[in-house]
Visitor: 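Got a structure for you, written out below as C-alpha cells; questions coming shortly.
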There are 2 protein chains.
Amino acid sequence: MIDKRQHLLETALQLFYRNGVQAVGINEILKTSGIAKKTLYHHFASKDDLVIAALNARDEKFCNWFESLLKGSKSNSEMTERMFDGLSQWFNNKVDSLDGFRGCFFINTSAEFSDANNPISIRCKEHKQRIKTIIASHLVKADESYLESLCTLKEGAIVLAYVCDDKQAAEKARDTARKLINN
Amino acid sequence: MIDKRQHLLETALQLFYRNGVQAVGINEILKTSGIAKKTLYHHFASKDDLVIAALNARDEKFCNWFESLLKGSKSNSEMTERMFDGLSQWFNNKVDSLDGFRGCFFINTSAEFSDANNPISIRCKEHKQRIKTIIASHLVKADESYLESLCTLKEGAIVLAYVCDDKQAAEKARDTARKLINN
DNA sequence: CAATAGGTAGACAGAGTGGTCTACTTTGCA
DNA sequence: TGCAAAGTAGACCACTCTGTCTACCTATTG
C-alpha cells in the first residue's frame with residue numbers, strides 16, 4: 001500500500017521538476033505512473049497536496065545530499081570547496097540522486113505561485129532557510145557575514161546555471177567565495 | 001490603432017509578471033483590458049507571441065532603468081553602490097517604473113518554460129546577457145572577475161529577496177561586493 | 001467467510017483554455 | 001462620402017483541467 005503512494009509521489013516530483021507544476025496535469029502523472037485516479041485521491045487530498053508532498057520529498061533528497069556533501073569539513077575553506085564542487089556536479093548532471101539539472105525546484109515552484117501566503121510558497125522559503133542552516137552548521141569558524149555571502153552566491157550560481165545555461169557558474173561563484181575567506 | 005496594442009501589451013505584462021504566464025489566461029487579459037479577443041489576435045499571432053512581446057517590453061523597461069541607474073559612475077565602487085542601492089529600491093517597491101516586486105520576470109518565466117530551445121526561454125537568457133553587458137560597460141576599471149561576481153551576487157540577491165522575502169538581500173550582497181573591490 | 005482497506009478503468013461534471021469565426025460598428029483617410 | 005482598417009460582443013470548437021463517483025476486483029485480517 002505504501003508503495004503506490006511512493007510511486008505516485010516520485011513520478012509527480014520528476015514530472016513537476018522537469019516541466020513545472022502547472023505544466024503537468026494530474027492526468028499526465030496518472031498516465032506516467034500507471035496508477036488510477038481514485039488511488040491518487042486516496043493518498044492525496046488535492047493536486048496542491050501532491051505538490052506540497054513533492055516539495056517535501058525534494059527537500060529531503062536535496063538536504064540529505066547537501067548534508068553529506070559538507071559533512072566532515074575541517075575548515076571554512078574546505079567546506080566552501082565542497083559546496084561549490086557539489087553545485088558544479090549538480091549543474092552538470094553528475095549527481096544521480098538529484099535528477100537532470102533544471103534549476104532549483106524551489107525557485108521554479110515559487111515563481112509559479114505568486115501568493116506568498118500559499119503553503120506552497122511558504123514551503124519553498126522554508127527549504128532555503130533549511131539549506132542556510134545546514135551551511136551555517138558546517139561553518140567551522142562561525143562567520144555570519146560569510147554565511148550570507150555563501151547563500152547569495154549559491155542562489156546566483158543556480159540561476160546563472162539554469163537561465164543562462166552557464167556551465168561554469170559554480171566555479172565562478174567559488175572563485176568569488178575564495179576571495180572572501182581572506183577577509 | 002497603436003494604442004490598443006500597447007494597452008493590451010501593458011495589461012498582459014502586468015498580469016504575467018504579477019501572477020505568472022501560465023496562471024493568466026488570455027480571457028483574463030481581455031477582461032482586464034476591456035479589449036476584444038479578435039483585436040488581440042489581430043495584433044498578436046498567439047499567446048506565446050504575446051508573452052514574447054511582454055518579455056521584450058519588460059526587458060526594455062528594466063534595462064532603461066538599470067542603464068540610467070549606473071550611468072555616470074566614476075568608479076567601480078560607485079557603480080557597485082548604485083547598483084545595489086537600486087536593487088534595494090526595487091525589492092522594496094520604490095521603483096515606480098518597475099511595478100510591485102515579484103522577483104525577476106525573466107527568472108520566473110524561465111522557470112515556467114522548461115524547454116531551453118523555446119524562444120521564450122531564449123529571450124529570458126538574452127535579457128540576462130544584456131544586463132551583464134550593461135554592467136560591464138559601466139565598469140570604470142575593467143575587471144572580468146569582478147563582473148562575474150557582481151552578476152552572481154545580483155541574481156542571488158533577487159532570489160533571496162523574492163523566495164525568502166529578505167528585504168535586506170541587496171544590502172547583504174552589496175556588503176559582499178564591497179569586500180571584493182579591495183581584491 | 002466477511003469486512004475492511006486498497007486498488008482498477010473510466011465516465012461524468014463544471015470550469016477553463018487558446019484559438020476561429022460571424023455579424024456588426026467605429027474610425028481614419030483619400 | 002465611401003471604403004478599408006480596426007475594433008466589438010460573443011458564439012463556437014476541441015481539448016484540458018481538477019475532482020467526484022460507479023461498479024467492480026484484490027489482498028489482508030479476525
Side-chain angles (χ1 to χ4, degrees), chain A residues 1-57 108-109 111-115 117-121 123, chain B residues 1-57 108-109 111-115 117-121 123:
Chain A
M1 65 294 282
I2 200 75
D3 286 330
K4 291 286 186 179
R5 186 184 190 280
Q6 189 62 18
H7 180 44
L8 255 180
L9 186 50
E10 284 167 0
T11 303
L13 173 55
Q14 194 171 52
L15 290 171
F16 285 155
Y17 178 53
R18 194 175 295 164
N19 300 295
V21 171
Q22 284 176 82
V24 176
I26 65 157
N27 288 319
E28 189 180 344
I29 296 166
L30 298 177
K31 192 164 140 195
T32 304
S33 63
I35 285 172
K37 190 177 288 190
K38 185 127 190 190
T39 304
L40 184 150
Y41 285 103
H42 174 75
H43 291 288
F44 303 98
S46 62
K47 185 185 175 180
D48 274 10
D49 196 36
L50 180 59
V51 172
I52 292 280
L55 289 168
N56 289 339
N108 295 344
T109 305
E112 293 198 65
F113 292 81
S114 58
D115 176 11
N117 296 314
N118 185 324
I120 289 175
S121 298
R123 191 66 189 85
Chain B
M1 65 294 283
I2 201 74
D3 285 331
K4 291 287 185 178
R5 186 184 190 280
Q6 189 63 18
H7 180 45
L8 255 180
L9 185 50
E10 285 167 0
T11 303
L13 173 56
Q14 195 172 51
L15 290 172
F16 285 155
Y17 178 54
R18 193 176 296 165
N19 301 294
V21 171
Q22 284 175 82
V24 177
I26 65 158
N27 289 317
E28 189 179 345
I29 295 166
L30 298 176
K31 192 164 145 197
T32 304
S33 63
I35 285 172
K37 192 179 287 191
K38 185 128 190 187
T39 304
L40 185 151
Y41 284 103
H42 175 75
H43 292 288
F44 302 99
S46 62
K47 186 185 176 181
D48 274 10
D49 195 38
L50 180 59
V51 172
I52 292 279
L55 288 168
N56 289 340
N108 294 345
T109 304
E112 292 198 66
F113 293 82
S114 57
D115 176 10
N117 296 314
N118 185 324
I120 289 175
S121 300
R123 191 66 189 82

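Note: hydrogens, waters and symmetry copies are ignored here, and every other heavy atom, side chains too, is used. Protein chains get the first letters and strands the later ones, always in sequence-line order, with residue 1 at the start of each.
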Visitor: Could you tell me whether the side chain of A:Ser121 and the main chain of A:Asn117 form a donor-acceptor pair under 3.5 Å?
Guide: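 A pair under 3.5 Å: no.
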Visitor: Taking atom C1' of D:dT20 as reference, at what distance in whole Å does atom OH of A:Tyr41 sit?
Guide: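 The answer, rounded to whole Å, is 9 Å.
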Visitor: Between A:Lys4 and C:dG7, is there a side-chain N or O to OP1/OP2 distance below 4.0 Å?
Guide: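 Checking C:dG7 against A:Lys4, no side-chain N or O comes under 4.0 Å of OP1 or OP2.
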Visitor: If you look at every heavy atom in B:Ile35 and B:Lys4, which pair is closest and at what distance?
Guide: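 It is CD1-O, 3.6 Å.
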Visitor: Could you state the atom-to-atom distance from CD of A:Glu28 to C1' of D:dT18 in whole Å?
Guide: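 Distance, rounded to whole Å: 15 Å.
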Visitor: Specify the separation, in whole Å, of atom CD1 of B:Ile29 and atom P of C:dG18.
Guide: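 In whole Å, C:dG18 P and B:Ile29 CD1 are 8 Å from each other.
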Visitor: Each nucleotide N or O in nucleotides 10-14 of chain D that has a protein N or O under 3.5 Å away: list the pair and distance.
Guide:
none

Visitor: Rounded to whole angstroms, how far apart are CD on A:Gln22 and P on C:dT17?
Guide: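 After rounding, the reported distance stands at 11 Å.
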Visitor: Whether B:Asn27 contacts C:dT17 is assessed here as follows: a side-chain N or O lying under 4.0 Å from the phosphate OP1 or OP2. Is that the case?
Guide: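 True: B:Asn27 side-chain N/O within range (under 4.0 Å) of C:dT17 OP1/OP2.
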Visitor: What is the separation between atom CG on B:Leu40 and atom P on D:dT8, rounded to the nearest whole Å?
Guide: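 From B:Leu40 CG to D:dT8 P: 10 Å.
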Visitor: B:Ile35 CD1 to C:dT27 P: how many Å, rounded?
Guide: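 Taking CD1 of B:Ile35 and P of C:dT27, I get 14 Å after rounding.
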Visitor: Does D:dT8 have OP1 or OP2 under 4.0 Å away from a side-chain N or O of B:Thr39?
Guide: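 Yes, because at least one side-chain N or O of B:Thr39 sits under 4.0 Å from OP1 or OP2 of D:dT8.
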Visitor: Does a side-chain N or O of A:His43 approach OP1 or OP2 of C:dG6 to a distance below 4.0 Å, or not?
Guide: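 No, because none of the side-chain N or O atoms of A:His43 sits under 4.0 Å from OP1 or OP2 of C:dG6.
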Visitor: Once you round to the nearest 0.5 Å, how far does CG of A:Leu15 lie from OG1 of A:Thr32?
Guide: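 It comes to 4.5 Å.
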Visitor: If you look at every heavy atom in A:Leu40 and A:Leu8, which pair is closest and at what distance?
Guide: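 Minimum heavy-atom contact is CA-CD1, 3.5 Å.
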Visitor: For A:His7 and A:Ser33, which heavy atoms make the closest approach, and how far apart are they?
Guide: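 Scanning both residues completely, I find the closest heavy atoms to be NE2-O, 3.1 Å.
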Visitor: I need the minimum non-hydrogen distance between A:Leu13 and A:Ala54, along with the two atoms involved.
Guide: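 Reported closest heavy-atom pair: CD1-O, 3.7 Å.
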Visitor: Are any of B:His42's side-chain N or O atoms less than 4.0 Å away from OP1 or OP2 of D:dT8?
Guide: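 Looking at the OP1 and OP2 atoms of D:dT8, neither is under 4.0 Å from any side-chain N or O of B:His42.
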Visitor: Looking at every heavy atom in both B:Lys47 and B:Val24, which two are closest together, and how far apart are they?
Guide: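 Result for this residue pair: NZ-O, 2.8 Å.
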Visitor: Once you round it to whole Å, what is the distance between P of D:dG19 and CD1 of A:Ile26?
Guide: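 Between P of D:dG19 and CD1 of A:Ile26: 6 Å.
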Visitor: Separation of B:Leu30 atom CG from D:dT8 atom P, in whole Å?
Guide: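 Whole-Å distance recorded here is 10 Å.
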